[in-house]
A.B. asks: 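Here it is, the structure in full.
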Amino acid sequence: MYIFLRKMISTFAAGSACVLFFATAINNGNPGQFISTLGVVSFVAYPVVLLYGTIVSLALELATDKWLPNRAARIGLSAIGHTFFGALFGWLMQLDKLEWWVIASFAVTALLYFGVDMLLRIAERKSWRRLAIIVMVAMPSLAVVGFAVVFS
């Protein structure tokens with residue numbers, strides 16, 4: 001059961017970073033439209049990270065835990081897999097021309113998803129579950145509030 005909670009918190013953290021990056025990139029420095037841009041981007045980004053990211057992350061976690069006995073190999077292959085599938089999704093989302101920054105931002109979002117999920121796995125083993133959940137949920141929320149205050 002805790003695996004789904006980890007994936008939801010990872011979705012929230014990685015999705016928040018993706019939303020902040022794309023809203024800032026699309027906005028072109030216009031502070032008056034930042035909040036509306038943030039809303040539109042989050043309406044698209046969170047479901048994508050939730051569905052695609054969670055499916056990829058679950059598949060990689062189950063496959064590497066089953067077939068790789070070495071912990072370092074599991075972590076490395078999972079990090080590479082997250083980055084690859086994030087970049088693949090960014091490449092598939094290109095509509096007119098290949099923009100490297102879109103591909104890179106999706107790859108970084110996927111790597112951030114992996115990092116948050118890995119930190120939550122470590123917290124689970126060390127019985128820091130409650131503190132980890134509070135910190136992982138509070139950080140993106142504070143970042144969104146901070147961006148909103150700065151750009152409004």
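Just so it is clear, the values below take in all heavy atoms, side chains as well, and ignore hydrogens, waters and symmetry mates. It should be emphasised that the depicted structure is a prediction, and the values quoted were computed from it without experimental measurement.
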A.B. asks: Using the rule that two of Ile, Leu, Val, Met, Phe, Trp, Tyr join whenever any of their side-chain heavy atoms come within less than 4.5 Å, decide whether Ile103 and Val49 are in one cluster.
C.D. replies: no
A.B. asks: Once you round to the nearest 0.5 Å, how far does CD1 of Ile3 lie from OG of Ser10?
C.D. replies: 10.0 Å
A.B. asks: Find out if a path of hydrophobic residues (ILVMFWY) with successive side-chain heavy-atom gaps under 4.5 Å connects Ile55 to Phe84.
C.D. replies: no
A.B. asks: Report yes if some heavy atom in the side chain of Phe106 is under 4.5 Å from a heavy atom in the side chain of Leu88; otherwise report no.
C.D. replies: no
A.B. asks: Take Glu61 and Arg6 through the test side-chain contact (heavy atoms from CB on, under 4.5 Å) and record every step on the way to the result.
C.D. replies: CA-CA 12 Å; Glu61 184 173 335; Arg6 277 192 296 119; 2.8 Å; yes
A.B. asks: Rounded to the nearest 0.5 Å, how far apart are CD1 of Ile9 and CG of Leu5?
C.D. replies: 4.0 Å
A.B. asks: Please report the C-alpha distance between Tyr113 and Thr54 in whole Å, then the side-chain angles of each, then the deciding distance to 0.1 Å, and finally whether the side-chain contact (heavy atoms from CB on, under 4.5 Å) criterion is met.
C.D. replies: CA-CA 9 Å; Tyr113 187 106; Thr54 302; 3.2 Å; yes
A.B. asks: Same cluster or not: Val116 versus Met118, using hydrophobic residues (I, L, V, M, F, W, Y) connected whenever any side-chain heavy atoms lie under 4.5 Å apart?
C.D. replies: no
A.B. asks: What distance do Leu111 atom CG and Thr83 atom OG1 have between them, rounded to the nearest 0.5 Å?
C.D. replies: 4.0 Å
A.B. asks: Quick check on side-chain contact (heavy atoms from CB on, under 4.5 Å): which of Leu60, Asp117, Leu112, Thr109 does His82 satisfy it with?
C.D. replies: Leu60
A.B. asks: Tyr46 versus Cys18: any side-chain heavy-atom pair under 4.5 Å?
C.D. replies: no
A.B. asks: Give a yes or no on whether Val108 and Tyr52 share a hydrophobic cluster (residues Ile, Leu, Val, Met, Phe, Trp, Tyr; joining criterion: side-chain heavy atoms under 4.5 Å apart).
C.D. replies: no
A.B. asks: Roughly how far apart are Phe21 CZ and Trp101 CH2, rounded to 0.5 Å?
C.D. replies: 5.5 Å
A.B. asks: Any side-chain heavy atom of Phe4 within less than 4.5 Å of one from Leu58?
C.D. replies: yes
A.B. asks: Would you give the length of the straight line joining atom CG of Leu68 to atom CD1 of Ile75, rounded to the nearest 0.5 angstrom?
C.D. replies: 11.0 Å
A.B. asks: Report yes if the side chains of Leu50 and Met8 come closer than 4.5 Å at any heavy-atom pair, otherwise no.
C.D. replies: yes
A.B. asks: Go through the steps for Val44 and Phe22 under the test side-chain contact (heavy atoms from CB on, under 4.5 Å), then give the verdict.
C.D. replies: CA-CA 11 Å; Val44 174; Phe22 277 109; over 6 Å; no
A.B. asks: Which value, rounded to the nearest 0.5 Å, describes the distance between Ile80 atom CD1 and Phe114 atom CZ?
C.D. replies: 9.5 Å
A.B. asks: If you group Ile, Leu, Val, Met, Phe, Trp and Tyr by side-chain heavy-atom gaps below 4.5 Å, do Phe43 and Val40 land in one group?
C.D. replies: no
